[in-house]
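These figures come from a predicted structure and were not determined experimentally. Order of listing sets the numbers, starting from 1, for every ligand and every atom in it. This chain uses plain numbering: 1 for the first residue, then up along the sequence.
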Amino acid sequence: MLIRTHDDGFSHSMTSEITSAGVYQRRRELMQLMASGVAGTALASWASRDALAQAARPGKLAALPATKATISGGATMEKVTDYKDASTYNNFYEFGTDKDDPARTAHTLRTKPWSVEIEGMVKKPARYQLEDLIKLSTQEERIYRMRCVEGWSMVIPWVGYSMSKLIEKVEPLGSAKYVEFVSLADPKTMPYVGSAVLAWPYVEGLRMDEAMNPLTLLSFGMYGEVLPNQNGAPVRLVVPWKYGFKNGKSIVKIRFTDREPKTAWNKAAANEYGFYSNVNPNVDHPRWSQATERRIGEDGLFAKKRKTLMFNGYEAQVGQLYAGMDLKKNY
Ligand SMILES: Nc1nc2c(c(=O)[nH]1)N[C@H]1C(S)=C(S)[C@@H](COP(=O)(O)O)O[C@H]1N2
Ligand SMILES: [Mo]
């Protein structure tokens, strides 16, 4: 029953019955209990799983309950990165350029009240209050591999729903070909907004079919709780087959357009950061290889580098989006 059949074995194993956050921790706990001969006890608590879910949550922020992932690729069985690492090793340049800056300084971010403006080529432009946006669809836990363009990776249990749910709601016009995601740029609460490291606000974008792919997640939480500020509270994007910088944090505007959005990293260095930014071990960054990666948490003296996977391992789900495209040109 706990034998996994393939990487995304949730739907084929007993774990598919588990619907709350913290599955990964409980799996480990169960393994330990089985080894110690008290599996019966563990299975009993499996039934009353709320207590265990509580224990598995970091317990730092408000709980954000979620169902299990419903899509293929939505729940990698790889070991989840420790919450500590996921919430202290961050890129969020609005709060500084060192990995530990956001965790130290993002407490100034004001996430209440928060609203997200939907504009551009849509039949139903709107301004959603965060509370309404959260309720727009069922929150799911999606355990995704994440790969930063700098060569490190993590496995993070996000909470949110497919971006497609929101897109369907606002009804884009036929002429809309791209979606632009704009992050908050508030110099009063974000110390690096105004600095020369990037053009502000932070802007990212996807082609409409990429935004509509069920893997593309509008995320409000991680590890069963609402997002910590440093991870892009209160709402951010997660596109697991692309380099991390495509995942705009603290989003305030979503704009539908017929032009390829001018993204922050592309503006900063067009030869290094293209619009697509699909994870691809065969296309080097001009200054380094992308063939391998360092999994955060595995960086001991003898830790081996991992081979980076095409589309970060999500080729079955998204490969067809790029059929016929030259991915060396469209990097
Ligand atoms: N607004 C904004 N979004 C951002 C960034 C940023 O600097 N500003 N950094 C990106 C990069 S490079 C990465 S790797 C991921 C990191 O997300 P995490 O800290 O939640 O792991 O956020 C992305 N989203
Ligand atoms: Mo990144």
Visitor: Which residues satisfy the side chain to side chain contact (heavy atoms under 4.5 Å, CB included) test with K112, sequence neighbours excluded?
Guide: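 Applying side chain to side chain contact (heavy atoms under 4.5 Å, CB included) to K112 gives none.
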
Visitor: Identify the residue among L217, L206, V239, L237 that makes a side-chain contact (heavy atoms from CB on, under 4.5 Å) with M163.
Guide: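 Of the listed residues L217, L206, V239, L237, the side-chain contact (heavy atoms from CB on, under 4.5 Å) partner of M163 is L237.
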
Visitor: Exactly which residues line ligand 1, taking a heavy atom under 4.0 Å from it as the test?
Guide: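 Residues within 4.0 Å of ligand 1: N90, N91, F92, Y93, E94, C148, W152, W158, S183, Y202, N231, R236, G244, F245, N247, G248, K249.
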
Visitor: Enumerate the residue pairs fulfilling salt bridge (charged side-chain N to carboxylate O under 4.0 Å, His left out) with a member in residues 86-97, sequence neighbours excluded, ordered by first and then second residue.
Guide: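 Output for this query is empty, none listed.
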
Visitor: I'd like to check the salt bridge (Lys or Arg N to Asp or Glu O under 4.0 Å) partners of E260; sequence neighbours left out, ordered by chain and number.
Guide: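 Partners of E260 under the salt bridge (Lys or Arg N to Asp or Glu O under 4.0 Å) test: none.
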
Visitor: Tell me which one of Y276, Y322, Y178 satisfies side-chain hydrogen bond (donor to acceptor under 3.5 Å, both in side chains) with R207.
Guide: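 The option that passes is Y276.
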
Visitor: Using the ring centroid of each side chain, check whether H285 and Y273 are separated by less than 6.0 Å.
Guide: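 That pair passes the under 6.0 Å test.
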
